[in-house]
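For reference, the structure is listed below as structure tokens.
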Amino acid sequence: MSRAPKPLPLPTTEGRQIWLRAQRLDTREPFGEGAQAVAEAVAHLGYVQIDTINVIERCHHHILFSRIPSYRRADLRHAQSVDKSVFEYWTHALSYVSSDDFRFFLPAMRAHKREGHKWYASVTPADTRKVMRLLRTGPLTIRDIEDDVLTEKEHLWQSRKPSKRALQLAFYTGVATVSARQGMLKTYDLMTRHFGWDKLPKPAAPKEITAYLLDRALRSQGVVSLDSVCHLDAPSKKAVAALIASRVRRGELMPVAVEGAGKQEHWAMPAVLEPAQVPTDLVHILSPFDPLIIQRKRTNLFFGYNHLFEAYVPKAKRKLGYFALPVLVGDEIVAALDLKADRQAKKLLMQKWTWLGQGRKTAGRKELKQKIEEELDRFERFQLAE
């Protein structure tokens, strides 16, 4: 039996450059422009998280703007509702996903249809029949249903409208999909009618889903760990670990020892381990839900930055601010900006500016601040457009 290859030492500086290249944050316009760029960005990243907080523009638009300089909100609407190249479903959170990946989510939809969904256990057969009757006549929003008898919430974020819960259950079971969004108002349609299908595609087999999870992470992260592949998806770890071991034996993956990672194992495809330099003049003001930030321990390992999401922290205890945005300059996170869009006054307000890492050094800070302020001007135009 051949021995497992010895892990290749990988300094964190090289690791984060590999990750930035995989995230397409190492070049100005990696995906082009328009709805096609949205489709390509979502397909490459694997998912783009959706969130309701709008103290600045919501994170799905923000994440796409970070990789598509000419991005407009209409581009995402076109990709979702006209081209139908992306759709919404649950990854580690509610996200936009490439429609080409639909079959990998079908087993989860079927499981919810067969076993129910713990969040929507209160949905009654009568509620389901009602919304299905309405859906068959055409797409609808929750505002189109006016005869609900409001009920008590079972948890803070749950709707009091039984019809909304029934629509959301239909979404998770794959019967309905979100065919359009206006802000956070969702239009639902029958899945088959939206995509023009006679029936749903063939679902992926368990082994195909495992390979999809690993390949998605390798494509968008470059260097992966079991935790990063299976982010908030512990049940998948056993199968993913077995697939990683198999690929290592075949020489398709190389074990790497990331500096500072201790016993946590990492792997990469040999081709991505070639040195890569990130241009030092590139500036990105990132969402706290960006794929580069959302896995906090991983971000801390590679960038030495532990992001604090303080929207739900009492004001007196906040360190970075209510909705602080990490600032990436080249391959360093150098600041966190707590911003707020005053849409009525058409201004982007700076609540707090915190220097981090290399940004704490006074040498060269004037030039660094100028770079960030130039990007802030562009960021403000995006925030207040449309």
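The two residues T280 and V329 come nearest to each other via the heavy atoms O-CG1, 3.7 Å. K317 approaches V313 most closely through the heavy-atom pair CB-CG1, 3.8 Å. For the pair A268 and V223, the tightest heavy-atom approach, listed with the atom from each and the gap, is CB-CG2, 4.1 Å.
Here F104 and Y212 bring their ring centres to under 6.0 angstrom of each other. Under the 6.0 Å cut-off for aromatic ring centres, F309 and H307 do not qualify, their centroids lying 6.0 Å or more apart. Annotation: H117 is in aromatic contact with Y120 [ring centroid separation under 6.0 Å].
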Evaluate the side-chain contact (heavy atoms from CB on, under 4.5 Å) criterion for residues D233 and L213: first the C-alpha distance (whole Å), next the side-chain angles of each, then the deciding distance (0.1 Å), finally the verdict. CA-CA 10 Å; D233 182 19; L213 293 175; 3.9 Å; yes
Pair Y71-L76, side-chain contact (heavy atoms from CB on, under 4.5 Å): steps then yes or no: CA-CA 9 Å; Y71 174 75; L76 178 56; 3.2 Å; yes
Give the C-alpha distance, both sets of side-chain angles, the deciding distance and a yes or no for side-chain contact (heavy atoms from CB on, under 4.5 Å) between E252 and M269. CA-CA 6 Å; E252 297 170 8; M269 292 186 291; over 6 Å; no
Under the criterion salt bridge (charged side-chain N to carboxylate O under 4.0 Å, His left out), I'd like the reasoning laid out for E29 against R67: C-alpha separation, chi angles, the key distance, then a yes or no. CA-CA 7 Å; E29 200 171 351; R67 293 158 178 84; over 6 Å; no
May I have the step-by-step check of side-chain hydrogen bond (donor to acceptor under 3.5 Å, both in side chains) for Q49 and H92, ending in yes or no? CA-CA 9 Å; Q49 185 170 335; H92 71 285; 2.9 Å; yes
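At least one side-chain heavy atom of R378 sits less than 4.5 Å from a side-chain heavy atom of P69.
By the 6.0 Å contact criterion, NZ on K238 is open, its count of non-hydrogen atoms from other residues, nucleotides or ligands being 12 or less. Residue-environment remark: CD (Q182) stays at or below the threshold of 12 foreign heavy atoms within 6.0 Å.
Salt bridge annotation for R247-D215: present, with a cationic side-chain nitrogen under 4.0 angstrom from a carboxylate oxygen.
The closest donor-acceptor contact from the side chain of R298 to the backbone of S225 lies at 3.5 Å or more, if one exists at all.
Residues satisfying the side chain to side chain contact (heavy atoms under 4.5 Å, CB included) criterion with H78, sequence neighbours excluded, are A35, V82, D83.
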